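Only one structure is covered here, and it is reproduced in the block below.
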Amino acid sequence: MPELPEVETIKNDLTPQIVGRVFTDVKLSWPKAVRETAPDEFRSRLIGQTIVGLERRGKYLIFRLSGGEALILHLRMSGALLLRSPSDADGFVRTVFSLDNGQELRFSDVRKMGMIWLVKDVREVTDKLGPEPFDAAFTPQVMAQGLSKRSAPIKSVLMDQSFIAGLGNIYADEALFEAKIYPLKRAKELSHQDVKRLHKAIREVLDQAIAHRGTSISNYVDPAGQRGSNQYHLRLPRHEGSPCKVCNTPIQRLRLGGRSSYFCPRCQGNSELRR
DNA sequence: AACCTCACCTGCGGGC
DNA sequence: TGCCCGCAGGTGAGGT
């Protein structure tokens, strides 16, 4: 579910609350979420460690631990990370991390797709990720160079985490709408102007979403259980037939790799056809 | 290598 | 009302 802005919000909210805390217990009611490490070993290696820092890389949330290891979470489609008192009630809690101040960090995950790692080196998990969208090294020129080698639809490339880290279905659609680019346009066919607009649009769309604490279309919530508000500021309606906010043309939907892509046939018309 | 499809999970809402 | 189907913000495995 969460993309970069949602994970960034979670990281920002949790940092002042949990840095310095110690893991005192872990309960795994869906042990399959823990990758690469047996549940017993996971517990014994984690309990007693102090959280010394929190980071985000792409859609991964990274807890730096006093022993030099890192706890890494990925929320996938339906995950939420909640900071709660033991008496609070939450649904679909798959993992509970108890902290030394009596609070609980709860990994709630309806669809059980979320994943957890405990690693010595963060790169074991994040080494295939492409650049962060806000990294100074990720320039329009670098982006154009990468796109020039890709024949897949631009939407697919934007969702490819090894090309750029953090964009998912919603923000890829938003960026393409903002840049007025048809989602199925082949990446290598983008003009320099296209790439320039798209590069700018990616940062604008993500910046705005972070400012609004994420997009809660169905069930994203922050660590306090509160929804974000970016769903009220999306540029593109996520319903087929709804009017485009720019030109009133009915929004269309297409399927790409099993996902829905929404677009405005007028604002994002294939420039080859329009010419 | 790059690209595509499918599997992994569960719940919800729409159509019949 | 109840059932069936499609759909949901992601990724990695496996095939071409």
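No experiment lies behind these values; they were computed from the predicted model shown. Every chain is numbered from 1 and lettered A, B, ... according to where its sequence line falls, protein lines coming before strand lines.
Here the nucleotide nearest the side chain of A:S151, chosen from B:dA2, C:dG12, C:dG9, is B:dA2. The side chain of A:P153 sits closest to B:dC4 out of B:dC4, C:dG10, C:dA8. Residue A:E6 has its side chain nearest to C:dG9 when only C:dG9, C:dC7, B:dC9 are considered. Relative to the side chain of A:K59, the nucleotides C:dT11, C:dC7, C:dG9 differ in distance, and C:dT11 lies closest. In the set B:dA2, B:dC9, C:dG9, the nucleotide with an atom closest to the side chain of A:N169 is C:dG9. Nearest nucleotide to the A:I217 side chain, out of C:dG9, B:dC4, B:dT10: C:dG9.
Taking atom CG of A:L129 as the reference point, atom C1' of C:dG10 lies 13 Å away to the nearest angstrom. Atom CZ of A:F163 is separated from atom P of B:dA1 by 18 Å (rounded to the nearest Å). If you take CD1 of A:I170 and C1' of C:dC7, they are 13 Å apart, rounded to a whole angstrom. For the pair A:M77 CE and B:dC6 P, the computed distance is 16 Å after rounding to whole Å. If you measure from atom CD of A:E240 to atom C1' of C:dG6, you get 13 Å, rounded to the nearest angstrom. A:E3 places its CD atom 5 Å from the C1' atom of C:dG9, with the value rounded to the nearest Å. Regarding A:L256, its CG atom lies at a distance of 15 Å from the C1' atom of B:dC6, rounded to whole Å. A:K112 places its NZ atom 20 Å from the P atom of C:dG12, with the value rounded to the nearest Å.
Put simply, A:S260 has a side-chain N or O that comes within less than 4.0 Å of OP1 or OP2 on C:dA8. OP1 or OP2 of C:dT11 has at least one side-chain nitrogen or oxygen of A:Q161 nearer than 4.0 Å. Contact check, A:H74 against C:dT11: a side-chain N or O comes under 4.0 Å of OP1 or OP2. Between A:R150 and B:dA2 there is no side-chain N or O to OP1 or OP2 distance below 4.0 Å. Taking side-chain N and O atoms only, A:R255 has a distance below 4.0 Å to OP1 or OP2 of C:dA8. In terms of phosphate contacts, A:R259 brings no side-chain nitrogen or oxygen within less than 4.0 Å of OP1 or OP2 of C:dA8.
Using a 4.0 Å heavy-atom distance criterion, A:Y60 is classed as a sugar-phosphate-only contact. Among the heavy atoms of the strands lying under 4.0 Å from A:S216 is at least one base atom, whether or not backbone atoms are also near. Residue A:D109 is out of contact with every strand shown, counting any heavy-atom pair closer than 4.0 Å. A:Y171 comes within 4.0 angstrom of no nucleic acid atom, judged by non-hydrogen atoms across all strands.
Pair assignment for B:dC9 gives none, since no Watson-Crick or G-U wobble pairing has each distance under 3.5 Å. With a 3.5 Å ceiling on both atom-pair distances, the Watson-Crick or G-U wobble partner of B:dG14 is C:dC4.
For an aromatic pair to be called close, the ring centres must be under 6.0 Å apart, and A:F107 with A:W30 fails this. For A:Y262 and A:H239, the distance between ring centers is not under 6.0 angstrom. No close placement of the A:F263 and A:F177 rings is indicated, their centers lying 6.0 Å or farther apart.
Side-chain contact between A:R94 and A:K112 is present, with heavy atoms from C-beta onward closer than 4.5 Å.
Side-chain atoms of A:S260 and A:R255 form a donor-acceptor pair, as typed in the model, at a separation below 3.5 Å. Judged by distance alone, the side chains of A:R235 and A:Q208 do bring a donor and an acceptor atom under 3.5 Å apart. With 3.5 Å as the limit, one finds a donor-acceptor pair spanning the side chains of A:S78 and A:D109.
In the interface, the side chain of A:S218 is paired with the base of C:dG9 through a donor and an acceptor atom under 3.5 Å apart.
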